[in-house]
**Q** 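First, the structure itself, so that you have it in front of you.
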Amino acid sequence: MTKPSSDALAIAAKALQAGRLVAVPTETVYGLAANAYDARAVEAIFALKGRPSSNPLISHFKDAESAFAHVEHHPMAARLADVFWPGPLTLVMKKRETSALCSLVSAGLPHVALRVPAHSMMQELLRLVDFPLAAPSANPSECISPTSAQHVRDYFGQNEGLSLILDGGVCDKGLESTVVGLFEDGPTLLRPGGVTRQALEGVLGVPLLSLPEDPARLLSPGQMLRHYAPKNARVRLNATHVEEGEALLAFGPTHLVGTPTLNLSEASDLEEAAHNLFEMLGALDASGAASIAVMPIPSAGIGEAINDRLKRASA
Ligand code: AMP
Ligand code: MG
């Protein structure tokens, strides 16, 4: 892993100030960042990713105070921020009229998505610039999310639209943030992710509301059915056998063998499985197999987020 010098961070900050895009490491996945106040820069994110403009972006801040300056007060927000920020939790809250976040960031919605990332390099970058960074994952829309700088290079390395890729090593969590909407009828889980439902409910003292599939689209338009998908291979879930020529994404101890086989966690550790998920899905796809069989994965804890991604990858 190459650690960018403070020079690289200064160059990144300059590029962002000039309205250019920079790929950044976070503890979840790599992001494609732009100045969240600059509508043209944000537009360039959507263009480079091929992302529908109806799918809003998360804005990243150096701390909770600068994030909450953009939204109306909510009684649960500070408690969640105290425990989970910096970290893989995104809060969707009602935007203040005075907020300078450009409306494209939130796809014109009255709510905005806020996060304070923990990765040290991203933190340093956020302290070098005087604006928040709008950043979705640094992959073409619908594709597998990047968990290393090399993945971003593979996707966008040749593209003039991207100024710079900051290499902060392999992402620690390897899965996107948990998105929680702080709405009037109660805190709502919009996307499972790096922080578990159980941990959130433990802090809030109330159960999180879940969304039925359809209204989910209105409240969190990014919940596309097909997402995180391999370029070539089909994904077959809950596999208890392997078919001729199929690759295998295993979990836990097993005698099953695929062509080839990768194991998310031989020790049945769900955090380790989350960390490996996108990397291994991408590697099995690159092996040329036409189909990837995925063994059943428990949905406890971060397993909820793993199963969410797998369901969309197989859609
Ligand atoms: P991504 O940036 O691709 O990791 O996705 C960001 C996620 O946050 C998507 O699932 C969006 O639907 C969700 N999100 C972002 N902004 C909002 C918002 N204003 N309201 C509801 N959901 C949002
Ligand atoms: Mg994404």
Side-chain angles (χ1 to χ4, degrees), residues 1-3 23-31 58 60 84-90 115-123 135-139 143-155 165-179 191-200 227-230 233 235 237 247-254 258 260-287 292-314:
M1 143 178 156
T2 42
K3 187 183 180 335
V24 293
T26 82
E27 70 277 26
T28 59
V29 301
Y30 272 73
I58 297 170
H60 297 74
F84 298 109
W85 279 354
L89 174 67
T90 296
R115 185 163 100 82
V116 177
H119 195 290
S120 60
M121 202 173 291
M122 181 65 165
Q123 271 287 334
S137 50
N139 52 283
C143 293
I144 297 176
S145 305
T147 54
S148 72
Q150 187 57 47
H151 294 162
V152 184
R153 257 177 243 126
D154 292 344
Y155 281 134
I165 300 170
L166 287 176
D167 190 341
V170 171
C171 300
D172 186 32
K173 276 282 169 195
L175 265 191
E176 289 84 353
S177 61
T178 303
V179 182
R191 174 179 74 182
V195 174
T196 65
R197 174 195 289 274
Q198 293 80 354
L200 289 160
H227 203 154
Y228 316 109
V235 176
L237 299 183
L248 175 67
L249 189 58
F251 177 79
T254 180
T261 301
L262 290 174
N263 199 317
L264 288 168
S265 171
E266 285 179 16
S268 305
D269 177 336
L270 287 168
E271 293 284 342
E272 185 185 14
H275 175 85
N276 288 331
L277 178 68
F278 289 134
E279 162 74 33
M280 291 186 172
L281 212 47
L284 292 179
D285 188 31
S287 79
I292 302 171
V294 185
M295 285 175 63
I297 294 166
S299 55
I302 200 167
E304 184 178 8
I306 297 174
N307 280 298
D308 169 77
R309 303 304 186 273
L310 285 170
K311 188 182 81 191
R312 293 175 205 280
S314 72

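The chain is numbered in sequence order, starting from 1.
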**Q** L249 pairs by side chain to side chain contact (heavy atoms under 4.5 Å, CB included) with which of L277, N276, V235?
**A**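 With L249 as partner, side chain to side chain contact (heavy atoms under 4.5 Å, CB included) holds for just one option, L277.
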
**Q** Nearest heavy-atom pair of P298 and L270: which atoms, and what distance?
**A**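 Scanning both residues completely, I find the closest heavy atoms to be O-CD2, 3.9 Å.
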
**Q** Should H60 and V116 count as side-chain neighbours, where that means a heavy-atom distance under 4.5 Å?
**A** no

**Q** Contact between P86 and Q123 at the side-chain level, heavy atoms closer than 4.5 Å - yes or no?
**A** yes

**Q** For R191 and S177, which I'm curious about, is there any donor-acceptor pair between the side chains at under 3.5 Å?
**A** yes

**Q** Grab the two heavy atoms, one from A233 and one from D285, that are nearest each other, plus how far apart they are.
**A**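 For A233 and D285, the tightest heavy-atom pair comes out as N-OD1, 2.9 Å.
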
**Q** Hey, are the side chains of S287 and P260 touching, using non-hydrogen atoms and a 4.5 Å cut-off?
**A** yes

**Q** With rounding to the nearest 0.5 Å, note down the distance linking CD1 in I144 to OH in Y155.
**A**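 It comes to 5.5 Å.
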
**Q** Return the minimal non-hydrogen interatomic distance between T261 and A250, and the atom names on each side.
**A**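 Smallest interatomic distance, heavy atoms only, reads CG2-CB, 4.4 Å.
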
**Q** Are any non-hydrogen side-chain atoms of I302 and E271 less than 4.5 angstrom apart?
**A**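 Yes, their side chains come closer than 4.5 Å.
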
**Q** Side chains of N307 and K311: does their closest heavy-atom pair fall under 4.5 Å?
**A** no

**Q** Quick one: closest heavy-atom pair of D167 and A149, and the distance?
**A** CG-CB, 3.6 Å

**Q** Does a sphere of radius 6.0 Å around CD in E266 hold more than 12 heavy atoms from other residues, nucleotides or ligands, not counting ones at 6.0 Å or beyond?
**A**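 No, the 6.0 Å shell around CD holds no more than 12 heavy atoms from other groups.
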
**Q** Closer than 4.0 angstrom, basic N to acidic O: yes or no for E176 and R115?
**A** no

**Q** May I ask you to test the H151-E279 pair for a side-chain heavy-atom distance under 4.5 Å?
**A** yes

**Q** Counting C-beta onward and ignoring hydrogens, is there a side-chain heavy-atom pair between C171 and P25 closer than 4.5 Å?
**A**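 No, their side chains stay 4.5 Å or more apart.
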
**Q** Would you check if Y228 and S145 make a side-chain contact, meaning some heavy-atom pair closer than 4.5 Å?
**A** yes

**Q** Closest approach of S265 and E272, non-hydrogen atoms and distance?
**A** OG-OE1, 2.7 Å

